[in-house]
There are 2 protein chains.
Amino acid sequence: MSTTAETPRRSLHQEQIVDAALALLDEGGIENLTMRRLGDRLGITAAALYWHVSSRQDLLVLAADTVWGRTALPGIQDLPWRRTVLEMAENLRSMLLRHPWLLTAMTIQALDGPARDRYEEHLRAVCETSGLTPRDAEQAVHSIVTFAIGAALAATPRPYVSFGLESIIDGLAARRPTGC
Amino acid sequence: MSTTAETPRRSLHQEQIVDAALALLDEGGIENLTMRRLGDRLGITAAALYWHVSSRQDLLVLAADTVWGRTALPGIQDLPWRRTVLEMAENLRSMLLRHPWLLTAMTIQALDGPARDRYEEHLRAVCETSGLTPRDAEQAVHSIVTFAIGAALAATPRPYVSFGLESIIDGLAARRPTGC
DNA sequence: ACCTGAACACCGTTCAAGT
DNA sequence: ACCTGAACACCGTTCAAGT
C-alpha cells in the first residue's frame, strides 16, 4: 500500500533470480548460465528477465557478490592472529573451489562488490589488531588474497598451500616491532 | 613427393590456425575467438576448421601451450638462485597479463601441456641445483606458480607481488641445510 | 586431402504489444 | 508494473556433397 514497500518487493524478485542463477552456475559452470534456461527454471521468458536485471553480466556481478557475502568471517580476537589469517585464507580458497565459475568470471571482468570489500576489510582489521602497521596490514591483504586465489585456480594440493601461506605470514610477522 | 613430407605439411596448416586464434584471443579475450571469425580471417569456412582441429576447446588447448612455450627460461646458474626464481615468477606473471584469456581458459579446464611442464621442470631444476631437497623444490614450484597465477588474476600491484614472492623464497631458504 | 553449403539446436538482447 | 512473442544477429558442430 505505502510507496516505501515497493523497492523491497522488487529486490525480492531479484533475489530469487540471483538464487536460481547461482544454482545454474554451481551445477554447470559459467556457460550453464543462460538467460533462456534461467527463465525456464523461473517459469518466465528469457526476455522477461531484463525487467529485473540489466544483462547477463549484471547477473554475474550480483551472483559473485552474493557468494563473497556467504564466506564466514572468524572473530577478530578469538585465536592467535596467525591462525585467524590462515582460517580466512582457507575459507576463501574453499569458497572458490565450491564455486569455480567465480574464478572464470573474475578473469573476464573485475568483480569488487561490497561483500568482497567487507572480507578484505576484515582481514586487514585482524592484521592491524595484531600489531601490524597499516602499511603491512595492506601488504597482508594483498598477499593472502593473491595466494588463496592462485591456489584455487591452480588446484594447488593442500600441503603446498599451507607452506606458502605460512611463509607469507612469517614474512609479515618478521616486520612487527615485537618480532614474532 | 615423399610420404614423410605429409605430416609436417598438415601441422603447418595447424600452426597458422593457432597463430590466427592467438591473435583473436589477444585482441578481444576468449569470447572473441569464434570459429566463424577465425575462418573469415583465414579465408575459409568455419566448418573447414574442423578438418584441422577437433573443436574450439582443442584450439584453446593448443593456443595455451603455445603461449607457455614462449615464456623465457633464464639460465640455471647465471644468477643467485633467489634472483632466478624471482625472474621466472615475473616472467610467468607478465605472460599471463599479456594473455588474460589464458587465465579464463585455465578456470574452465585444466591446461597442462608439454610447454607448461617444461617451465615447471626448469623451475624445479633451478631450486634443486641451489641445494634444496627434491621435496622442497617441489614445494617451491607449487608455491611460486600459485602466487604468480594469483597475482595475475587478482591484478595485484607490483610491490605487493614482490613481498609475497620474497616471503615464499625466504621460507624455502630457511629449509636449506646451509640456511640462507 | 581439403573445403563448401546447408542445416540443427542453440545464444544475448531489443521492442512492440499485451494485461 | 510486469510479462510475452517475434525478431535480429549471432554461436559450435555435423554432414552430405563437391573438387
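Just so we're on the same page: letters track the sequence lines, and every chain starts at 1. Computed from heavy atoms alone, side chains included, the values below leave out hydrogens, waters and symmetry copies.
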Once ring-ring contact (aromatic ring centres under 6.0 Å, His included) is applied, what residue pairs with a partner in residues 24-73 of chain A remain, sequence neighbours excluded? A/His13-A/His52, A/Trp68-A/Tyr119
Looking only at atom P, what distance separates C/dA9 and D/dA9, rounded to whole Å? 22 Å
Dump the intermediate steps for salt bridge (charged side-chain N to carboxylate O under 4.0 Å, His left out) on B/Arg135 and B/Glu138, then the final yes or no. CA-CA 5 Å; B/Arg135 243 185 130 269; B/Glu138 196 60 28; over 6 Å; no
Any side-chain donor paired with an acceptor under 3.5 Å for B/Ser167 and A/Ser167? no
Grab the stems for DNA chain C, please: at least three consecutive Watson-Crick or wobble pairs, both distances below 3.5 Å, written as range with range. C:4-8 with D:12-16, C:12-16 with D:4-8
Separation between OG (B/Ser54) and CG (B/Leu59), nearest 0.5 Å, reads 9.0 Å
Apply the test salt bridge (charged side-chain N to carboxylate O under 4.0 Å, His left out) to residues A/Arg37 and A/Glu27: give CA-CA distance (whole Å), side-chain angles for both, the deciding distance (0.1 Å), then the verdict. CA-CA 12 Å; A/Arg37 249 198 291 259; A/Glu27 285 165 25; over 6 Å; no
Are A/Leu62 and A/Leu111 joined in one hydrophobic group, where the rule is that I, L, V, M, F, W and Y side chains link up if heavy atoms are under 4.5 Å apart? yes
Would you give a per-nucleotide map of nucleotides 4-14 of chain C, 5' to 3', where B means the base has a protein non-hydrogen atom under 4.0 Å away, S means only the sugar-phosphate does, and - means neither? BB-----BBBB
Can you tell me the distance, in whole Å, between the CD atom of B/Gln14 and the P atom of C/dC2? 12 Å
Return no unless some side-chain N or O of B/Trp51 is found under 4.0 Å from OP1 or OP2 of C/dC2. yes
Are OP1 or OP2 of D/dA1 and a side-chain N or O of A/His52 less than 4.0 angstrom apart? no
Would you confirm whether A/Asn91, through its side chain, and A/Ala72, through its main-chain N or O, come within 3.5 Å as a donor-acceptor pair? yes
Reference residue A/Glu120; test salt bridge (charged side-chain N to carboxylate O under 4.0 Å, His left out); the match among A/Arg116, A/Arg118, A/Arg124: A/Arg116
